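Computed from a predicted model, the values in this text were never measured in an experiment. Lettering follows sequence order; numbering is per chain, from 1.
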Protein chains: 2
Amino acid sequence: MSTRGYGGPVTEPRWLDEKQARAWRGYRRMRALLDLQITRDLAADSGLSDADYDVLSNLSEASPHRLRLTELATTMLWSKSRLSHHLTRMQQRGLVDREECAGDARGSIIVLTGAGLRAIEEAAPHHVASVRRHMIDLLTDEEIAALAALSHRVVAHLTAAP
Amino acid sequence: MSTRGYGGPVTEPRWLDEKQARAWRGYRRMRALLDLQITRDLAADSGLSDADYDVLSNLSEASPHRLRLTELATTMLWSKSRLSHHLTRMQQRGLVDREECAGDARGSIIVLTGAGLRAIEEAAPHHVASVRRHMIDLLTDEEIAALAALSHRVVAHLTAAP
DNA sequence: GATTGCTTGTTGACATGTCACCAAGCTAGC
DNA sequence: GCTAGCTTGGTGACATGTCAACAAGCAATC
């Protein structure tokens, strides 16, 4: 029976059991190591950062290779401020460009440049190979299905209105 | 049949199929959203950042609440530089302290202070609740087992000597 | 058609992370 | 013991991310 002085819950917290703790710690460690490795591969193969790749990838999937800044920020789960800063740097490297938005004078349209398109097209095969090598090809079909199912459930939960 | 000008693989890259892509995109999105939410919860409940929590957690699990800087950095997968910078900031807030290392005059021993111990003890129950709410309690037992198994396999792969 | 309030994108100050380098100390081979 | 090379932890310069504030434009209501 525990009593606590700081006004928190009076009941004993539900700690994680052994299996849950293994899953959580494993997830965290995989997340950290996978991030490091994929960032390294991407930089070595293409000279791009994770952030660069995500921006270019999203732009290249848009129909005319251009998106409103806010839309891009929402898709990427980035703040507008962070995206604006990052785009300024990518613009200086010639990977993207800004255009005025017809119909909304406040707006900024982000455009994939030719160099940007070339960069993502050259980077993509290496990146996919890296993702396969360090993760996807290590999993069974059942694990891939389980990962897809559980991650989509967690995403749905976190996306639901608070 | 594709030909390429930049000396890369001549074969068509093995893109991800639909199921693999769903798993990968889901994982990436879960990762991003979960990170944001858990960081927010941690800050709101305890005033700690993810990084603070990790440092305090690792120190509190060490036997006499102290660790060599290099050892801590290795465990956390951080660079020594990053850890040193972060510890300087945590030290200014009174959460940790530095001690000289008997037997190795270069060494720095990182010590959990009383305030640091109190901080992690108050933060932990809220943090576990947050982890459960946004992830663990949303998964079936099978999914927990699958996540533990696959993440440990990926970690083992990434930890093996290159 | 003016007032009021929201949205958009940018900026500057600051927090944090990365990178290359350094001084001091250890260590192994001679 | 001495020396050559490695390890340790720290530092400064710089890259990146966060946060609050802002100007400009839009929209809705009267």
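- The nearest whole Å value for the distance from the CG atom in B/Leu69 to the C1' atom in D/dT7 is 13 Å.
- When the nearest nucleotides of DNA chain D are assigned to A/Trp78 and B/Arg68 by heavy-atom distance, the more 5′-ward of the two goes with B/Arg68.
- Sorted by first and then second residue, the ring-ring contact (aromatic ring centres under 6.0 Å, His included) pairs involving residues 35-60 of chain B (not counting sequence neighbours) are B/Tyr53-B/His127.
- The interatomic distance linking A/Glu99 (CD) with C/dT8 (P) rounds to 19 Å, in whole Å.
- A straight line from NZ of A/Lys80 to C1' of D/dG17 spans 17 Å, rounded to a whole angstrom.
- Put simply, B/Ser108 has no side-chain N or O that comes within less than 4.0 Å of OP1 or OP2 on D/dT8.
- Rounded to an integer number of Å, the gap from NE2 of A/His85 to P of D/dT18 is 10 Å.
- Legend: residues meeting ring pair (Phe, Tyr, Trp, His ring centres under 6.0 Å) with A/His86, ordered by chain and number and at least two apart, are A/Trp78.
- Side chain of B/Gln20 to main chain of B/Asp17: a donor-acceptor pair is present (N/O by atom type, distance under 3.5 Å, no hydrogens or angles).
- Comparing D/dG10, C/dT11, C/dT8 by their nearest atom to the side chain of B/Arg98 picks out D/dG10.
- We find that CZ of B/Arg93 is positioned 11 Å from C1' of C/dA15, with the value rounded to whole Å.
- For B/Ser151 (side chain) and B/Leu147 (main-chain N/O), a donor-acceptor pair under 3.5 Å exists by modelled atom type.
- If you check every strand for non-hydrogen atoms under 4.0 Å, A/His86 touches sugar and phosphate atoms only.
- Separating the CE atom of A/Met90 from the P atom of C/dT10 is a distance of 14 Å, rounded to the nearest angstrom.
- B/Leu42 and B/Leu117 fall within a single hydrophobic cluster, where Ile, Leu, Val, Met, Phe, Trp and Tyr are joined by side-chain heavy atoms under 4.5 Å apart, directly or via other members.
- Between the side chain of B/Arg22 and the main chain of A/Ala149, no donor-acceptor pair closer than 3.5 Å is present.
- Clustering ILVMFWY residues whenever any of their side-chain heavy atoms sit less than 4.5 angstrom apart, transitively, puts B/Trp24 in the very cluster that holds A/Met30.
- In this structure, the side chains of A/Leu139 and B/Arg153 come closer than 4.5 Å at one or more pairs of heavy atoms.
- For A/Asn58, the side-chain contact (heavy atoms from CB on, under 4.5 Å) criterion is met by A/Leu72, A/Thr75, A/Met76, not counting sequence neighbours.
- In the region residues 28-57 of chain A, proximity to DNA chain C at under 4.0 angstrom, judged on heavy atoms, holds for none of the residues.
- No side-chain donor-acceptor contact under 3.5 Å links A/Asp41 to the backbone of A/Ile38.
- Within the 4.5 Å cutoff, no side-chain heavy atoms of B/Leu59 are placed close to those of B/Met90.
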Produce the list of close N/O pairs, under 3.5 Å, pairing protein atoms with atoms of nucleotides 20-27 of chain C; give distances to one decimal.
from	atom 1	to	atom 2	distance (Å)
C/dG25	N2	B/Arg106	NH1	3.0
C/dC26	OP1	B/Ala105	N	2.7

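- A side-chain donor-acceptor contact under 3.5 Å links B/Thr113 to the backbone of B/Gly94.
- Distance CZ (A/Arg82) to P (C/dT10): 16 Å, rounded to an integer number of Å.
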Item to complete: Can you run through DNA chain C from 5' to 3' and write each base as (, ), [, ], | or . depending on how it pairs? Watson-Crick or G-U wobble, both distances under 3.5 Å.
Response: ||||||||||||||||||||||||||||||
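- The side chain of A/Arg89 approaches D/dT16 more closely than any other nucleotide in the set D/dT16, C/dT8, D/dG10.
- Rounded to whole Å, atom P of D/dT11 lies 12 Å from atom CG of B/Leu87.
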